[in-house]
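Letters go in sequence order (proteins before strands), and every chain restarts at 1. Please read all numbers here as calculations on a predicted model, not as lab measurements.
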Amino acid sequence: AACDNRRTHMPRSPPAADSYQQGCIRMTLENADLWKSFHSIGTEMIITKHGRRMFPHCSVSISGLQPFANYVIMMDMVPVDSFKYKVNAYEQWEVAGKAEPQPPCRTYMHPDSPAPGSHWMKQSFSFLKMKLTNNTLDQHGHIILHSMHRYYPRFHVIQADSPYTVRWGPFQTFSFPETTFTAVTAYQNPKITKLKIDHNPFAKGFREGGTHAHSKRKSLKPHRHWCENCINLYNVQFMGVTWKTILFP
DNA sequence: TCACCTCTCACTTTTGAAAGGG
DNA sequence: ACCCTTTCAAAAGTGAGAGGTG
């Protein structure tokens with residue numbers, strides 16, 4: 001009962017690869033207190049057509065790797081359950097039916113991958129640049145989710161020299177209960193909005209003043225949605241490899 | 001009608017190339 | 001030539017809310 005959520009540890013070994021089983025790899029969620037603040041209210045993550053970063057973002061530290069072996073570290077999103085949700089008249093979340101069919105599964109590879117164990121263990125690392133989208137036709141390699149559905153991030157540590165050989169590498173998987181969230185296209189709970197504005201520096205422009213003027217609309221600058229970090233991943237998918245199927249049956 | 005979703009806004013932070021110094 | 005620091009403009013990231021959609 002007194003377990004430490006920051007060190008939730010759910011290792012899995014690949015089938016028939018027990019001989020490759022490594023020592024105790026441990027992953028720790030770095031900004032767990034912030035995550036818990038959100039979790040206690042009911043974390044919501046904005047998803048948009050063009051992709052939105054998470055806030056809080058996932059930042060972890062790791063130990064127990066072999067210093068000179070190379071590792072690829074990846075992240076994906078797992079549905080919490082098979083329901084979709086809505087906010088009722090009392091401003092509470094409730095089940096609103098069965099989940100939509102799962103969108104195409106995407107995996108985000110940490111941009112440092114592959115790197116030796118010593119690199120990963122040197123200091124914590126984040127998945128800041130990963131983006132979430134509700135666009136099932138997304139061409140940028142963002143992680144595709146359904147709005148009003150619940151998910152949690154999952155991290156995979158794979159011993160591999162290249163993104164193209166992760167299929168054969170031993171791997172372990174980690175997740176953290178306090179990182180569960182509901183995907184939304186607009187915040188539903190004002191408390192979540194306030195927490196985000198208080199902690200996310202990019203929201204500062206909306207924090208002070210109230211100078212927000214909708215009357216003077218300028219033409220929108222063209223957005224550049226280019227995620228270099230996803231290129232490797234995208235190429236891998238292009239070559240016919242479905243990460244979900246091969247790595248995590 | 002209604003519940004979500006999309007677009008656009010103003011402002012802040014981040015990024016990264018160029019310049020400067022040692 | 002090389003490395004590090006500083007500068008600074010451009011790019012990117014934010015939540016709100018009007019309007020759109022089915």
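- In this structure, His199(A) places its NE2 atom 15 Å from P of dT14(C), rounding to the nearest Å.
- Look at Lys131(A) and you'll find a side-chain N or O under 4.0 angstrom from OP1 or OP2 of dG13(C).
- Phosphate proximity of dG15(C) to Arg52(A): present, with a side-chain N or O under 4.0 Å from OP1 or OP2.
- Between His110(A) and Phe125(A), the gap from one ring centroid to the other is short of 6.0 Å.
- For Phe202(A), taking side-chain heavy atoms from C-beta onward, the closest of the listed nucleotides dT12(B), dG15(C), dC5(B) is dT12(B).
- Side-chain contact check for His146(A) and Asn134(A): no donor-acceptor pair (N or O, by modelled atom type) lies under 3.5 Å.
- Rounded to a whole Å, the CD atom of Glu44(A) is 11 Å from the P atom of dA16(C).
- Close to dC7(B), at under 4.0 Å from its OP1 or OP2, lies a side-chain N or O of Lys49(A).
- The distance between atom CG of Asn88(A) and atom P of dC2(B), rounded to the nearest whole Å, is 16 Å.
- Distance Phe55(A) CZ to dG15(C) C1': 13 Å, rounded to the nearest Å.
- Phosphate proximity of dC5(B) to Thr48(A): absent, as no side-chain N or O sits under 4.0 Å from OP1 or OP2.
- Between the CD1 atom of Ile197(A) and the P atom of dG17(C) there is a distance of 10 Å, rounded to whole Å.
- A donor-acceptor pair shorter than 3.5 Å can be found between the side chains of Thr182(A) and Arg150(A).
- In the set dT13(B), dC5(B), dG15(C), dG15(C) carries the atom at the smallest distance from any side-chain atom of Thr193(A).
- Side-chain N/O atoms of Ser61(A) and Glu30(A) include a donor and acceptor closer than 3.5 Å.
- Counting to the nearest Å, the C1' atom of dT6(B) and the CD1 atom of Ile46(A) are 12 Å from each other.
- Using a 4.0 Å heavy-atom cutoff across all strands shown, Thr185(A) reaches at least one base atom of the nucleic acid.
- Rounding to whole angstrom units, CD of residue Gln188(A) and C1' of dA3(B) are separated by 9 Å.
- Searching all strands for a Watson-Crick or G-U wobble partner of dT1(B) with both distances below 3.5 Å returns nothing.
- Residue Asn135(A) places none of its side-chain N or O atoms closer than 4.0 Å to OP1 or OP2 of dT6(B).
- Protein atom NE2 of His50(A) is 12 Å distant from nucleotide atom C1' of dC5(B), rounded to whole Å.
- Classification of Lys49(A) and Asp138(A) as a salt-bridged pair fails, no side-chain N sitting under 4.0 Å from a carboxylate O.
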